[in-house]
Amino acid sequence: MSNILSGKFLTKVSTVQKIAKALNVPVGYLMDEAQEINLENNNIILDLLNNQNKILSEINEKINIGLELLKKIKADNKD
């Protein structure tokens, strides 16, 4: 059911209508729930991507600092 609601599994409208009838809820209720699930999933994914970007940015900054130190050491060894 959650795969149908989240859009991972395509189904016929009649199937959704049968599910809604069995649950005694309007079809729109199921669609609203699917939109809420998708919105929550999107927010979780965005949070994860933002955290990943922050971590990658910090790593990149440390790599750049290390490269600058290596350049200085190399330059000092030439003298």
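Just so you know, residue 1 is the first one in the sequence shown, and it goes up from there.
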- Query: With a cut-off of 6.0 Å (strictly less than), are more than 12 heavy atoms of other residues, nucleotides or ligands near CD of Glu58?
  - Reply: yes
- Message: Taking CG in Asn24 as the centre, count heavy atoms belonging to other residues, nucleotides or ligands within less than 6.0 Å. Is the count above 12?
- Response: no
Using 0.5 Å steps for rounding, measure from the [atom1] atom of [X] to the [atom2] atom of [Y].
| X | Y | atom1 | atom2 | value |
| --- | --- | --- | --- | --- |
| Leu56 | Leu49 | CG | CG | 10.5 Å |
| Asn50 | Ile55 | CG | CD1 | 11.0 Å |
| Leu69 | Asp76 | CG | CG | 10.5 Å |

- Query: Going only through I, L, V, M, F, W and Y residues with side-chain contacts under 4.5 Å, is there a path from Leu67 to Ile59?
  - Reply: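 Yes, one cluster joins them.
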- Message: Among Asn42, Leu46, Asp47, Leu48, which residue satisfies the side chain to side chain contact (heavy atoms under 4.5 Å, CB included) criterion with Ile44?
- Response: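 Testing Ile44 for a side chain to side chain contact (heavy atoms under 4.5 Å, CB included) against Asn42, Leu46, Asp47, Leu48 leaves exactly one candidate, Leu48.
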